[in-house]
Amino acid sequence: NAGVTQTPKFQVLKTGQSMTLQCAQDMNHNSMYWYRQDPGMGLRLIYYSASEGTTDKGEVPNGYNVSRLNKREFSLRLESAAPSQTSVYFCASSGSRTGAQPQHFGDGTRLSIL
Amino acid sequence: DQQVKQNSPSLSVQEGRISILNCDYTNSMFDYFLWYKKYPAEGPTFLISISSIKDKNEDGRFTVFLNKSAKHLSLHIVPSQPGDSAVYFCAASPGNKLVFGAGTILRVKS
């Protein structure tokens, strides 16, 4: 009963390095999301994919790219990491394209950029 | 501009008493509201939701109230248990996205 699986769980990068965060869900959900959580700011949407083959920007997309590889997998890429991207990253999925269903979250990737 | 606000960063409650967590929103287009619970080093887990056509939804010890005219929702936990100690996030949806509040840390003392 995996749900949403994120890899890796922890990562330390140097400024300028690139990195891809992986996310996979086994619930046959249509929609997938990437958030970042910073202290005192809740979760902010980076990118989302309402269905396989589509992606859209969220609230804070600058410095990130995404790929919806197939229905199960949605990856987040940092091309040139910056210290401001130090955060906890959460992937989520939902069975609804319209938002009227809860999103289910993975346990997060803790990313530090030095 | 924060569209979803949780103005209390923390709340401390005695075991067995009621916990009331509050959330305010500014966008009239929000039509679906959710509460999530988060433990350290874990992802948020869905707790309870309410559609804008309702003013109350109940699930066991958890009840969510929605006051659309005041753009305010609240989560009541009765009775509170030590295992309820966590961060609670309010979220609102205008469609296929969620907008989250900053969270409230609930501590239930035994």
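Proteins come first, then strands; the chains are lettered A, B, ... in the order of their sequence lines, and each starts at number 1. Nothing here was measured: the structure is a model prediction, and the numbers come from that model.
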Exercise for the section: Could you pull out all residues at least two apart from Asp56(A) that satisfy salt bridge (Lys or Arg N to Asp or Glu O under 4.0 Å)? Expected result: none
Exercise for the section: Sort by residue number and list every member of residues 41-55 of chain B having a non-hydrogen atom under 4.5 Å from chain A. Expected result: Ala41(B), Glu42(B), Gly43(B), Pro44(B), Phe46(B)
Handout entry: Arg77(A) and Ser18(A): side chain donor to acceptor below 3.5 Å
Key = yes
Specify whether [X] and [Y] have parallel, tilted or perpendicular ring planes, treating 30° as the upper limit for parallel and 60° as the lower limit for perpendicular.
X	Y	answer
Tyr35(A)	Phe105(A)	tilted
Tyr48(A)	Tyr33(A)	parallel
Phe74(A)	Trp34(A)	tilted
Tyr25(B)	Phe33(B)	tilted

Exercise for the section: Quick one: which of Gln103(A), Gln6(A), Gln37(A) has the most heavy-atom pairs under 4.5 Å with chain B, could you say? Expected result: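 Option with the top pair count is Gln103(A).
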Practice task
Heavy-atom distances under 4.5 Å only: say whether Leu43(A) touches chain B with side chain, backbone, both or neither.
Solution key: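 The answer is both parts of Leu43(A).
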Problem - Residue part contacting chain B, namely of Arg110(A), when any heavy atom lies under 4.5 Å - result: side chain
Handout entry: Rounded distance [0.5 Å steps], CG in Asn67(B) versus CG in Asp24(B)
Key =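 If I round to the nearest 0.5 Å, the distance is 10.0 Å.
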